[in-house]
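Structure, as C-alpha cells:
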Amino acid sequence: MTLPTITETPMQADRAKTIFEKSVAGRRAAVLPDAGVPERPLEELIPERLLRSEPPHLPEISEPEIVRHYNRVSRRNFDLDTGFYPLGSCTMKHNPRLNERVAALPGHARLHPAQDPKRAQGALELMWQLQETLAEICGLPHVSLQPSAGSHGELAGLLLTRAYHADRGEQRHQVLTPDTAHGTNPASVTMAGYEVVKVATNERGGVEIDDLRAKASDEVACLMLTNPNTLGLFDENIAEIAEIVHGVGGTLYYDGANLNAIMGHSRPGDMGFDIVHVNLHKSFSQPHGGGGPGGGPIAVSDRIEPFLPRPQVMRRDGTNGAEPLFDLDFERPKSIGRLRGFQGNFGVFVRSYAYILSLGGDGLSEASETAVLNANYLLARLKKGRAGRYLPVAFDRHCMHEFVLSGKPAKTELGVQTLDIAKRLLDFGFHPPTVYFPLLVDEALMVEPTETEPRENLDAFADAIDRILEEAESDPEIAKQAPYTTPVRRLDEVKANRQPVVRQALA
Amino acid sequence: MTLPTITETPMQADRAKTIFEKSVAGRRAAVLPDAGVPERPLEELIPERLLRSEPPHLPEISEPEIVRHYNRVSRRNFDLDTGFYPLGSCTMKHNPRLNERVAALPGHARLHPAQDPKRAQGALELMWQLQETLAEICGLPHVSLQPSAGSHGELAGLLLTRAYHADRGEQRHQVLTPDTAHGTNPASVTMAGYEVVKVATNERGGVEIDDLRAKASDEVACLMLTNPNTLGLFDENIAEIAEIVHGVGGTLYYDGANLNAIMGHSRPGDMGFDIVHVNLHKSFSQPHGGGGPGGGPIAVSDRIEPFLPRPQVMRRDGTNGAEPLFDLDFERPKSIGRLRGFQGNFGVFVRSYAYILSLGGDGLSEASETAVLNANYLLARLKKGRAGRYLPVAFDRHCMHEFVLSGKPAKTELGVQTLDIAKRLLDFGFHPPTVYFPLLVDEALMVEPTETEPRENLDAFADAIDRILEEAESDPEIAKQAPYTTPVRRLDEVKANRQPVVRQALA
Amino acid sequence: MTRYTSATDTDRAEMLAEIGVGSVEELFKQIPEPVRLGRPLELADGLGENEVFERLVTLAERNADAEHEICFVGAGMYDHYVPAIVDAITQRSEFLTPYTPYQPEVSQGGLQVMFEFQTAMSELTALPVSGAGLYEGPSTVASAGYLAIGATGRSRFVVSRGVHPHSRETLATYAAGYGAELVEVGIEEGHTDAAALADAVDGETAALFLQSPNFLGAVEDVEALGAAAKEHGALLIVACDPMTLGVLKPPGECGADVAVGEGQPLGNRLDFGGPSFGFFCATEEHIRRMPGRIAGETVDADGRRGFVLTLQTREQHIRREKATHNICTAQALNALAAMVHLAWLGRQGYRELGELLVQRTAYARDRLAALDGVELLHEAPVAREFALRVDAPVAEVLDRCADRGIAAGYPLGREYPEYGDGLLVAITERRSKEQIDQLAEALGDAVKELGTRNKQQEVPA
Amino acid sequence: MTRYTSATDTDRAEMLAEIGVGSVEELFKQIPEPVRLGRPLELADGLGENEVFERLVTLAERNADAEHEICFVGAGMYDHYVPAIVDAITQRSEFLTPYTPYQPEVSQGGLQVMFEFQTAMSELTALPVSGAGLYEGPSTVASAGYLAIGATGRSRFVVSRGVHPHSRETLATYAAGYGAELVEVGIEEGHTDAAALADAVDGETAALFLQSPNFLGAVEDVEALGAAAKEHGALLIVACDPMTLGVLKPPGECGADVAVGEGQPLGNRLDFGGPSFGFFCATEEHIRRMPGRIAGETVDADGRRGFVLTLQTREQHIRREKATHNICTAQALNALAAMVHLAWLGRQGYRELGELLVQRTAYARDRLAALDGVELLHEAPVAREFALRVDAPVAEVLDRCADRGIAAGYPLGREYPEYGDGLLVAITERRSKEQIDQLAEALGDAVKELGTRNKQQEVPA
Ligand SMILES: Cc1ncc(COP(=O)(O)O)c(C=O)c1O
Ligand SMILES: Cc1ncc(COP(=O)(O)O)c(C=O)c1O
C-alpha cells in the first residue's frame, strides 16, 4: 500500500445524499405543545372521506442531523459572501447584514399583513417612504411596490399599458423589444397577450433607429428597453427613441435591471420612459437567496397612475398639525387590480429601505460611479492581456457598469468555448460571468463587477482569465474538461432533460 | 501540458492570509454618526501628553471583504454542526438554535448589568429559576451562578473551602486529587494556595481506598473528584470515600464535567459532595464557541452557603399575594467576595435555562440514559473490530457516558501512536476523541459520543477506526503522515514554541 | 454615508489611469447631456449603521405585531412558530447570497434543496411533479390559469367564491393579459354551491378553481365538486393550505390536476405579507408546461450524483416569447425555509400539527359561538379557521379587542359585502387555550357593549 | 419534551442487544443503590420550542433594556452599537460550535482569529504580547496579580481606589487564595492620590494596579503614577477601556508591564453582564507566564502557513499544578466578536469613535453640570464617562428618570460611600445629542422636585 494521494477533493468524495435518504422511521425533531383543549375524534369534526389516510413521507430525523445536513449542503454552493461573482445583469453587490437585522425585528417580521392600517403605521410609512425614494431615483412620480420581481414588474407594466390604451378606446397588439432584451421581456409580452416585434441593434450597440422607425405604428403598444442595455452601453439616442414611440402612441417601458449604472446620474423618467421597474434584489442590495426573494416595484408617469395595482399605500396629511396617517387605498376604479396577495414583499422593502438610508442620495450616486469605474477598469485590464485577442469586447466603447466580451476568437483560434472558460474559472475560485447572453453577441461573456468589489479582486479575475487563455494556447483540453475542483464536475443536462427525475421516489 | 490533477485540496491551495494582510490604507467599513455637538480641539479636553499620537494599526478594509474574510476563515474549522465530535470530557452535544434566539432578545442582550433590580425582574427571575433547577439536579440547596467556567468554579470551590475552614479556625494545606483528574483541578489547587496530593486509582478505575485513607489527615482541606471519573466509570465506593474525607474534616468537591452521565439518576449532593460545579457549556448545551464562553455555576451544601460569592440572586416573597420580588444580595458578611464582574455570564444562563425548559426533568434524565447507551454501544462496536485488539478499553466494564481506550498495543504492535490515529480520523471526516488524557492510561483515547448522535454516526466512526487500523496493519506510514485532506497538514509545534510568533508584525 | 465600497482616492486615480481617462465623469459622458440629472438626488444623506438601526426600530415599534398582540388573524397567512433552525440555515451566507443556480457545479447546495423541496411538496399534495416555487399564493393561482389555457386551448375559468379574494383578483388581473373569461360560483352555507358549479362548468371551460379549506375556513368536498371539471375536460386546480395537508385529503387524491397555494405557513414569517412563496404541483402530463425553476437529478462527468435546473426549454431565458411563464427571480430562500420547517416537523410532527389545529379550532369555534351576539357564519367542517357573525359593527369590535392586545380576526366585509358582519378567526399552534379564552372574553365584552340589540332585553324576565 | 436525540425504540433495542444487556437500566447498575436518585427530578416537564420561546419572551419583556430605555449606565460595560456583521459571523456554526482548537489541522479558523485578535489587542495596548482572551475584566485583573506574584516573587499589591470596584473585589477574592496583601490608595479630585501612592509602593510590592480612565471617568497620568512601581521593581498593571485607546495614550507607551481590561465594549452586547471577555497584554518578558490560550504562527508538513496553540507548557492541561493559571474554557467567541468589530471600525473608525465619545462626553458633562442641584464630582479630564453629585437622593432621582424612559447613570454610593450623592454617566455613539438633552431635562426636573434644598430660595429675590 502506498500513501494516499488526493484523487478527489473532500467535497467530491462526499456524495450527495438527500434528507429523505437520511430519514429513519420514528425519529423526529419538533415537539408540539399539547392541544390543551378537550380533544374529540377527528372524524367527528371532519367527515372521514375528506381526511388524509396516511401522512406524507416527510423526513424523520433529529434536529442536530437536520442542521448538519443543511450546513453541509450549503457548502456546496458558491456564494457572494465568499468570492467574486461578476454575473452580468445580476448586480451581485454586497448584501449588508444590517438589512437582515432590521428585517427580523418583530415589528416587521411578525406583523400580520391584514393588520388594520391604524396599527401598522410604521410599516405603511416605510413603504410610503420607499415609494417616494424610488420615485425620485426613477424620475417618475408614482410607485407601486407590489410586483415581486423584475419579470412581475414587466407584466405589470404591460398590463398597465393595456389598461391605458383600453381606457383611450385603443387596442394594440405589438410590443417592441430590442434583440438584446432579456428573456423575461418577450416572455412577459406573450403572457400579457401581446406579440413580440424585435428591433435591431446598431453598430454602437444601441437601438437601430431606422428599424425602430419602420416598426413603429399604431399597432405598437409599448417599447421595452434597458438603458444602459444588456451590453452595458447607454443608448445615446434615447430621446429620439422616446419621441418615435410616443409619436405612435405607444408607452415606453424601462427594464430597471441595469439601474445600478445610473443612480443619481440619469433618470428613466427624464429619458421619456412611462413605466419603470426596479429590481430591489439588484440595485438595492436585497440578497438573491439562490433565486429569490426579490422585489420589482414599478414607477410610472401621471398618465399611467390611475391604472396602478390595488391596494396603493397613501399618506393623509394630519389635520391641525397632527402626524400624517398612512393607509391602503383599495378604491382605485381604473386599477388593473391585484398582482399578488397582500401588499408585496415587505421584508424586501425593509432591507432596501435600510440600504437606501445607509447610502443616502450621495452614496447611491457614488455607488453608480464606482460600479462604472470598476467595470471600465476590469475591461481595460482584460483588453491588455490575452482576452484582448481571444475575448474582444463586443462593442468597443467605454462601458457603463458592465460589458460584454465575445468568445468567438477563443472558439475559432483556440478551440475553447465560452462555456469552457466559464467552467475553468470555477477552478480559480471565481463565479463566471453571465454566458451566452445577450444572444446578439457570439459566445458572449457578460461581466458586471459591481461597486463593492475592491480592485485586487478585479486584478485577480483578469489574471485568471489570462491564465486560462494561456493554458488554452498550449492545451485546450484543460478548459474543455474543466472544472476539476468543484463539488461535482460537469453535469449531464441532457440526461436530466430526457428522463426528468424531479423528485425523490419514496416508499 | 497534461490535464490538471488535484495535488492539494482547494482549501489547502488557499493559503492563510490574515485580515491585516488584506488591509489597504484608506479603506474602511464603519461610518460613525456625526458628533452632533459643538466640537472642541481634543487637547482642550484632555492634556496632550495623555493622548495617543498615532492610531493603532487596525485593518483598513471594506465590509464586504471583512465578511468574506471571516466566512472563508470559518470554513477552516471543523465544527459540531458539521460532524461527529466525540471529544471525551467535553460533551459535544447539540447546540439548539432556539437558545441563540432567546439569548438575542433585546430584553436579554441589551440589558445593562447595572440595571436596577426593580427593572430587571425577568433576568433575576431567570437566574433564580436556573439556580433552583441546578440545585435540584445536583442535590445541593444553594447555587451561585458567578463562575465563568469549570475551572473558575473549581477555584471558587477551593476558596469556599478555605473560607469554611478559616471560619472554623482551621488552616489546611493539602487538596487530594486522583491521578485521573483533569488538569484544571491541580492548577486550581495551586492557584487557591493549596498543595496537590495525588491519590491512586484502583483496578476498577476508581479511587484506591487504601491510598486515600493513608493520605487523609487534618491537613487535607478537600478532595476533588469527578464521578463518573475521567475514565467514564462511576466510582462505586463513593459513599466510603465521602465518609473518609468528611471524617478528617475535609470538604468534597465535585468536578461536574461529567454530569451528563447521571442527570436525574444520581446527584452529587446525595453522594456526599459539599460543592459541585456544573459546566453549562457541556451538560446544558451552551455552544463551545471554539473555546468559550461557558458557565461554571456552583451548588453547595448548607454549611458552605454563608461563604458563597457576592452578589447572590434572591427571591423575596410578595406580601399579601403580590408577585415575588427578585433582588441581588450584596450583604453577605462571610462571603468570599466577587469572582468576577457583575452577575455572571447571563447570556449563557439564558441558553441553558431554555435548554432545561425544553427537555424538562424527564428529558434530562432520558438524555443521560441515551448518552450512556450511545457510549456503551460504540464501545461494544469497537471491541468487536480491530480496536478490540489494538485499542483495548482501559478498564473493561460497562462505561457511563464515555470510555477510554489505550493505544498501547497499536503503538507496540503496529507502530502507530494514538496521535496518528487521531490525525488519520480527520481524513475520514471525524473529529478525534480526546487524546493522551487521562494520563493514567497509556496512549489514551477518550471517547464521548453524547446523546445527540444517531446510531449511524457511531457505526461510521467504529468503521473508520477499523479501516485505519486495517491500513496500519499493512502500512503504518499512512497514519503516521496523516492527515492529508485537512486545510493544513501536521503543524510544526516545536517551531511555534521555540520562536513564538504570537502577533503579526505591522508597519 | 455608508458605502460598502473599497476604492480609495489612490485606487481611483490608478484605475482611471489604466482606463485612460481623467475622471469618472468622463465615463459618464456617454449619457447625453439632456438626460443627465445634473443635480444631486433629493434624498437624505447617508447614515451610519447605528442610526439606520435606530430609525428602523422606531418604525417597527409603531406596528402592532404578533409578538406584542395575540394574533387570530389568518386569511391566508398565519402566525405559526418558525423554528430557530430555519433562521440559522436560511441566514447562512451560502444560501442567502448566491444567485439562481446557473452554474450547477458550484450550486449543488441550492439545487439539492430545490430537489428536496419538490419532493416534499409533491408528497404533501400527492401530485407527482412540483416546481421549485413561485412568488406567493395568489399569483401562483394566476399562473395555474396560464397553464390551463396552454394545456386545454380554452380560455374560460370557473372560480369558486370560496377561493381567496386575492387569488381571484390576481387571476382576473392576469386574465386581462393572457385573455380569459372568469365565471364565479357562489357559496352556500360555507361551501361552494355545487349545483351552480355544475351548471357553470362547460366544454369551453379551461379550468375549475377551488380552494380547500376555502376562504371561510370550510373544508370543501373537492372530489365531488371537481367531477364537473373531469366531465368537461377542464383542469381541476385546487388551492390549499399546506398546514392542513397532514389531516385533509391531499388534492392529488381528490382528482386535482394542479395544486397551488400560499407557502407562508411553512417556515416563513408573516413579514406584513411577504416574501413567502407559492407552490405549484401537477400531474406528470403537465411537467413541460410548469412555470418557473425545476431541479432534476443527474450525474457528473465522473458519474457522481448531482442536480441541475432542468426542462429549461420551458423558461424565459431559453425560450423567450415561447416560454411557459415569464418568471425569473422567484423565492428560493423561502422555499428553503419551508423545507427546513417540514424536515423539523417531520412525518409525525406534520400530522400532529394538523390535528392540533383541528382540535384547538373546534374548541375556539364552540367557545366563541356560545357568546351572546356571536354566531357561526356557517357550520361546515373546518380545519384551522372559521367564520363568525357578530351582532355589532365589526370594525369597532376589532378596535376594542385590539385595545386589549388581541387581533381578533379578519373582517369579511370588504371582500364579501354579503357578510358585512363576518369575522374570520384563525388558529395556530401558538394560540393556546388560555389565549382563546382571552379572545372569548374580549370579543364577548366588545359585542355586548357595542351590540345592536341587547340580548338581555330580548329574554323575558 | 424536546429531546434532540435520535434513538428510536428499534434503535434502542438493537443497541442494547449489541451491548449485551437487556435494558439501559442495567448500564446504570454501576451506580450503587444508595446514591441513586430513585425518583424523577422535581422539574417541570419539557416543552415544545414555541412554548419555551414564549416563556423566555415573557421574562425578557420584564426587563428594561437599552432598546427600550435610553441607557447612560456604564461602569465598565457600555451600550455600544454592535454591527450586524458581528452577529452574522459569530453565529456561523463554524465559529459557534467547535471546542477549543485542540486539533489544529481542523481548527485553523479559530486559531487564525486568535492570532488576529492578539495582533489587534497588542496594537491597541502598544504591548508586544497578547493572550487570546480570558473570562472578563475583573477576573483578568486578578489573573494579572497572579502573574505579578510569579514574576516578582513578592506578594503585596498596591491598588488605586480608581480601579473598578469589581476588579478590586475580585482581586481580593483571588488574593485570599494565592496569598497576597492588598493596599488601597485613595482618590483626590478624581485622580489617584499620587503622594499616597508613592508612599504605598515599596520594595515588597509585586504590582501597582491602576485604571485609566478610572472608575470615576478620570483619565489618569499613568506614566507619572507608574514611576513608583518602576522605582521599586514592581510591575505596573494597567486596566483600560478598549474603546478609549484610539484617543488615549496606550498603556504600553506609559510604561505598563501588563495591560488588562474588560472587552465588552468591543463587539459584545451587554447581556446583563456577560459573556464578554478580558484581555491580557504584556511585555515580551512575561510571555511564558501569561494565562490562557495563545495562538502562534508556524508551518505544516508541506510548508504551508498555519497556526497552533503555543507555549502550552504554561497551561493546566500540560503542566497541571505547575500551570501559570487554571483557565481552560475561556471566551473565544467573544474575542472573535471583538476582532470583527475592530476590523469593521478599522484604523480610522476606531480613532473617530474615540473622538466622538470625548466630544459628546464633554458636551454632556457641561450640559448636566449646568443644571441646578447638579455639580461635577471632579474636574479631571474624562473620555467617555464622568461623575456628578446630585443634590437629591440618587436612588429616587434614578427612579424618576426611569419613569421617563431614561437610565440616567450608575449610583456610586454602594461602592463609594464617600460619594453617596454620586452618579456616573456614560456616553456611547448611540447616545445622541437629543438623548443627552432629554437626560438633562429629566435629571434637572428630578433634582428640582426631589432636591434637599430649593435653589430658587437660595437666590435672593
Ligand atoms: C435585463 C434583465 N431584465 C429583467 C430581468 C428579470 O428580473 P427578475 O429576475 O427580477 O424577474 C433580469 C434578471 O436577471 C435582467 O437581467
Ligand atoms: C473533567 C474536567 N474538569 C474540568 C474541566 C474544566 O472546565 P472548563 O473548561 O469549563 O474550565 C474540564 C474541561 O475540559 C474537564 O473535562
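In what follows, chains carry the letters A, B, and so on, assigned in the order in which the sequence lines appear, proteins first and then strands, with residues in each chain numbered from 1. Source: prediction; values computed, not measured.
Residues satisfying the ring-ring contact (aromatic ring centres under 6.0 Å, His included) criterion with D:Tyr410, sequence neighbours excluded, are D:Phe215. In this structure B:Glu100 satisfies the side chain to side chain donor-acceptor pair (under 3.5 Å) test together with B:Arg351, D:Gln91, sequence neighbours excluded.
D:Glu18 contributes no side-chain N or O that, together with a main-chain N or O of B:Arg381, makes up a donor-acceptor pair within less than 3.5 Å. Between the side chain of B:His112 and the backbone N or O of D:Met77, at least one donor-acceptor pair lies under 3.5 Å. Side chain of D:Glu321 to main chain of B:Pro186: no donor-acceptor pair is present (N/O by atom type, distance under 3.5 Å, no hydrogens or angles). Between the B:Asp492 side chain and the D:Asp300 main chain, no donor and acceptor come within less than 3.5 Å of each other. Listed for the D:Glu136 side chain is a donor-acceptor partner under 3.5 Å among the backbone atoms of B:Gly341. A donor-acceptor contact shorter than 3.5 Å links the side chain of D:Lys249 to the backbone of B:Arg49. The backbone N or O of B:Arg110 sits nowhere less than 3.5 Å from a side-chain atom of D:Arg269 that would complete a donor-acceptor pair. Between the D:Asn326 side chain and the B:Ser151 main chain, a donor and an acceptor come within less than 3.5 Å of each other. Between the side chain of D:Arg347 and the backbone N or O of B:Pro55, at least one donor-acceptor pair lies under 3.5 Å.
Between D:Gln331 and B:Asn345, some side-chain heavy-atom pair lies under the 4.5 Å cut-off. Annotation: side chain of B:Val102 is not in contact with side chain of D:Arg55 (no heavy-atom distance under 4.5 Å). Between D:Val35 and B:Glu236, the closest side-chain pair of non-hydrogen atoms is not below 4.5 Å. The side-chain heavy atoms of D:Glu297 and B:Val502, taken from C-beta on, include no pair separated by under 4.5 Å. Side-chain contact between B:Ser266 and D:Leu37 is absent, with no heavy-atom pair separated by less than 4.5 Å. Contact check for B:Val350 versus D:Phe272: no side-chain heavy atoms found under the 4.5 Å cut-off. Looking at heavy atoms from C-beta onward, B:Phe330 lies in side-chain contact with D:Arg414 at the 4.5 angstrom threshold. A 4.5 Å side-chain heavy-atom check between D:Leu270 and B:Leu111 finds every atom pair outside the cut-off.
Of the residues considered (B:Val37, B:Thr486, B:Thr190), B:Val37 shows the highest number of contacts with chain D, using heavy-atom pairs under 4.5 Å. Counting heavy-atom pairs closer than 4.5 Å to chain B, the top residue among D:Val21, D:Val219, D:Asp221 is D:Asp221. Each of B:Ser358, B:Gly337, B:Ala114 has some count of heavy-atom pairs under 4.5 Å with chain D, and the biggest count is that of B:Ser358. With chain B as partner, the option from D:Ser6, D:Gly273, D:Ser130, D:Pro34 having the largest number of non-hydrogen pairs under 4.5 angstrom is D:Gly273. Heavy-atom pairs under 4.5 Å with chain D peak, among B:Ile66, B:Ile61, B:Ile137, at B:Ile66. Between chain D and the options B:Cys90, B:Pro483, B:Gly363, B:Pro33, heavy-atom pairs under 4.5 Å are most frequent for B:Cys90. Ranked by heavy-atom pairs under 4.5 Å with chain D, the first of B:Pro454, B:Gly294, B:Gly361, B:Pro56 is B:Pro56. Ranking D:Pro40, D:Ala44, D:Ala323 against chain B, the residue ahead of the rest is D:Ala44, based on heavy-atom pairs under 4.5 Å. Contacts with chain B were tallied for D:Pro138, D:Ala60, D:Pro98, D:Gly177; D:Pro98 has the most, counting heavy-atom pairs under 4.5 Å. Contact count versus chain D (heavy atoms, under 4.5 Å) is highest, among B:Ala29, B:Gly291, B:Pro287, B:Ala367, for B:Gly291. For chain B, the option among D:Trp344, D:Tyr363, D:Tyr350 with the highest count of heavy-atom pairs below 4.5 Å is D:Trp344.
D:Tyr4 touches chain B through backbone and side chain together, each having a heavy atom under 4.5 Å away. Within the 4.5 angstrom heavy-atom criterion, atoms from both the backbone and the side chain of D:Arg305 approach chain B. Neither the backbone nor the side chain of D:Ser432 has a heavy atom closer than 4.5 Å to any heavy atom of chain B. Using a 4.5 Å cut-off between heavy atoms, D:Ile19 touches chain B through backbone and side chain atoms alike. D:Glu61 does not touch chain B: none of its heavy atoms, backbone or side chain, sits under 4.5 Å away. Looking at D:Val24, the atoms closer than 4.5 Å to chain B (heavy atoms on both sides) all sit in the side chain, from C-beta outward.
Here D:Leu245 contributes atom CG and B:Arg52 contributes atom CZ; the two are 6.0 Å apart, rounded to the nearest 0.5 Å. Taking CD of D:Glu355 as the reference point, atom CG of B:Leu32 lies at 10.5 Å (rounded to 0.5 Å). To the nearest 0.5 Å, atoms CG (B:Leu339) and OH (D:Tyr135) are separated by 10.0 Å. We find the OG1-CG distance between D:Thr173 and B:Leu155 to be 9.5 Å, quoted to the nearest 0.5 Å. The line from CZ of D:Phe28 to CZ of B:Phe234 is 10.5 Å long, rounded to the nearest 0.5 Å. A distance of 6.0 Å separates CG of B:Asn497 from OG1 of D:Thr313, quoted to the nearest 0.5 Å.
B:Leu373 and D:Leu27 make their closest contact through CA-CD1, 4.2 Å (heavy atoms, listed as atom of the first residue, atom of the second, distance). Considering all non-hydrogen atoms of both residues, D:Arg92 and B:Asn71 come closest at CD-OD1, 3.0 Å. Annotation for B:Ala35 and D:Gln359: closest pair CB-CB, 4.5 Å, computed over non-hydrogen atoms. The two atoms that bring B:Ile46 and D:Pro381 nearest to each other are CA-CB, 4.1 Å, heavy atoms only.
A ring pair (Phe, Tyr, Trp, His ring centres under 6.0 Å) with D:Tyr99 is found for one member of B:His281, B:His431, B:His288 and no other, namely B:His288. For the side chain to side chain donor-acceptor pair (under 3.5 Å) criterion with D:Thr97, the lone passing option out of B:Asp79, B:Thr82, B:Asn95 is B:Asp79. If you run side chain to side chain donor-acceptor pair (under 3.5 Å) between D:Ser122 and each of B:Arg503, B:His57, B:Gln504, only B:Arg503 comes through.
Between B:Arg340 and D:Glu262 there is no salt bridge, since no side-chain N of the basic residue sits under 4.0 Å from a carboxylate O of the acidic one. Salt-bridge check for B:Arg490 with D:Glu105: failed, with every basic side-chain N at 4.0 Å or more from each acidic carboxylate O. Salt-bridge check for B:Arg310 with D:Glu169: passed, with a basic side-chain N closer than 4.0 Å to an acidic carboxylate O. Note on D:Arg3 versus B:Glu366: salt bridge recorded, some NZ/NE/NH1/NH2 to OD/OE distance being below 4.0 Å.
D:His317 has its ring centre no less than 6.0 Å from the ring centre of B:Phe437.
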(request) Apply the test side chain to side chain contact (heavy atoms under 4.5 Å, CB included) to residues B:Glu493 and D:Thr310: give CA-CA distance (whole Å), side-chain angles for both, the deciding distance (0.1 Å), then the verdict. (result) CA-CA 7 Å; B:Glu493 305 205 10; D:Thr310 193; over 6 Å; no
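Residues B:Tyr70 and D:Glu116 have side chains that bring a donor and an acceptor to within less than 3.5 angstrom of each other.
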